[in-house]
Amino acid sequence: MKPAKAALTGLLALVAALAAGHLVAAFVGLSASPYLAVGNAFIDITPSWLKDFAVETFGTADKLVLLLGMAVVLAGIAVGAGLASRNNPGPGTLVVVLLGFVGVIAVVTRPDVGQLALLAPVASTAAGAYVFRYLHKEAQDSESRRGFLITAGLAVTAGVVGQVFGARTDVEGSRQAVGDLTPKTKAPEIPLGADFVQDGTPSFITSGKDFYRIDTALSVPRIRAEEWALRVHGMVERPMVLTFDEIRQRDLVEETVTLTCVSNEVGGPYISTGNFVGIRIGDVLREAGVKQGADQLFSTSDDGFTAGSPLDYVLENGLIAIGMNGEPLPAEHGFPARLVVPGLYGYVSATKWVTDLNVTTFAKDQGYWIPRGWATRAPIKASSRIDRPKRMQKVPGKSVIAGTAWAQPKGVAKVEVRVDGGPWQEAQLGADVSDTTWRMWRLELELSRGSHTVECRATDKSGQTQDQARLDPVPDGATGWHSVTFTVE
Ligand SMILES: Nc1nc2c(c(=O)[nH]1)N[C@H]1C(S)=C(S)[C@@H](COP(=O)(O)O)O[C@H]1N2
Ligand SMILES: [Mo]
């Protein structure tokens with residue numbers, strides 16, 4: 001067999017295998033797709049230094065990069081297997097079976113799949129082996145291209161159909177059916193002058209589309225509200241199960257909360273603000289009756305992510321949220337329900353697609369990121385960011401410096417700015433919306449031509465000024481003053 005044809009045989013068998021697995025997964029749950037399952041397993045076993053590097057280098061595109069990287073590695077293996085099988089299909093078949101085994105292991109160790117999920121990698125392996133051997137024979141017998149074309153066509157169609165059907169488990173329909181979520185207690189209106197968008201700050205409320213997204217999920221968990229329920233158990237007197245309808249029929253409250261990610265670098269983008277609608281975690285836990293000795297609320301998501309929050313804190317703060325900005329939660333942000341706890345970084349509190357609340361102790365259970373080197377307790381650190389000018393931007397001598405500051409749950413009392421290490425000047429603050437949200441700031445300056453560096457620092461309402469010492473996000477959040485160098489023309 002010609003080398004090109006041998007390589008193509010391997011590649012097409014790979015495409016057929018992945019497509020068949022993806023197609024079957026459309027019916028048994030998309031995270032059973034061997035490709036996604038291997039990717040997800042890879043994310044879970046990635047050492048934290050590599051994960052940090054990936055997030056730093058690729059930002060929110062890190063998952064796409066992982067999937068593309070896997071595609072390149074798999075294509076390499078497939079070409080190699082094809083070339084090694086020029087005389088005899090044995091080596092290639094063995095490679096298919098070995099890869100199939102990896103797929104099976106990845107799928108069965110996923111926390112969010114049922115027993116039927118096994119069908120997906122099995123279908124992959126069968127399709128891969130069959131197509132490989134069929135094309136191998138075809139290539140020996142004739143110079144015909146028909147078999148190759150038909151296989152390629154079928155495989156691509158199967159993959160696309162799988163993607164479309166799997167993604168469709170009608171979440172949008174379920175979201176639409178939820179309709180209006182009118183809170184009994186509305187969050188106060190955001191007053192005029194809460195943001196300085198014209199000066200370069202973000203808008204006070206972040207739209208669902210612009211809201212930062214951080215999670216370990218390669219495919220967004222797709223759960224219909226009708227099929228969802230929240231289990232409350234552990235160290236409680238009366239374990240309970242709450243359906244979506246039971247939650248929405250309670251007195252819903254709305255709170256404006258700024259969420260922040262612990263992996264945000266100084267000056268980084270992983271912070272957003274929403275109007276969240278839901279019920280208080282504390283009300284539910286008090287109904288269940290917390291037992292003596294418990295100190296952790298351990299929440300688990302449909303896709304197996306876990307977070308542990310201090311129990312005494314969530315008894316007083318935080319929501320089981322089912323709505324954001326006047327709508328049901330967007331699928332990427334946790335539909336049907338998530339936790340929102342102002343003042344704690346997301347990884348220890350903000351479980352999306354939450355299905356399980358376990359009242360337990362810190363001694364007994366550890367959230368997802370804790371064995372990966374992050375702190376057990378992670379209150380948000382006071383911080384501030386310069387949004388304009390941007391680094392290296394050219395601005396006129398008379399300019400406005402503007403940005404964002406946050407210190408949930410204490411609230412921001414003051415933001416100061418200094419230029420080229422000179423005296424600190426107090427910035428004008430945006431209207432004070434709530435201590436659980438960020439606060440925008442601006443300062444008009446007149447500067448000489450040339451290069452300048454501005455720095456900012458926030459002080460919270462307890463009088464504490466943010467730390468100057470530059471610390472990395474690991475283990476409990478970055479510190480340091482943001483600085484930006486720009487040019488006055
Ligand atoms: N199920 C699940 N929930 C999760 C996570 C996750 O990986 N899986 N990541 C957490 C982290 S680290 C953060 S910062 C917030 C981000 O919420 P957002 O994506 O809605 O902004 O979600 C939290 N909830
Ligand atoms: Mo995070």
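Atoms within a ligand are numbered from 1 in the order they appear, just like the ligands themselves.
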**Report entry** Qualifying salt bridge (Lys or Arg N to Asp or Glu O under 4.0 Å) pairs, either residue in residues 269-285, two or more places apart
**Finding:** Glu255-Arg280, Asp283-Arg286
Query raised in the report: Any side-chain heavy atom of Phe305 sitting closer than 4.5 Å to one from Asp215?
Result: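 Contact flag for Phe305/Asp215 side chains = no.
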Requested in this report: List, ordered by chain and residue number, the protein residues whose closest non-hydrogen atom lies under 4.0 Å from any atom of ligand 1.
Outcome: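 Lining ligand 1: Phe211, Tyr212, Arg213, Ile214, Asp215, Thr216, Cys261, Ser301, Asp303, Phe305, His333, Arg338, Gly346, Tyr347, Ala350, Thr351, Lys352, Trp353.
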Report task. Answer yes when Asp44 and Arg110 have at least one side-chain N-carboxylate O distance shorter than 4.0 Å, and no when they do not. Result -> yes
**Report entry** Cationic N near anionic O, under 4.0 Å, Lys381 to Asp467
**Finding:** no
Query raised in the report: Would Asp387 and Thr404 satisfy side-chain hydrogen bond (donor to acceptor under 3.5 Å, both in side chains), going step by step from the backbone distance to the final call?
Result: CA-CA 7 Å; Asp387 289 313; Thr404 312; 2.7 Å; yes
Query raised in the report: So, Asn275 side chain and Glu254 main chain: donor-acceptor pair closer than 3.5 Å or not?
Result: no
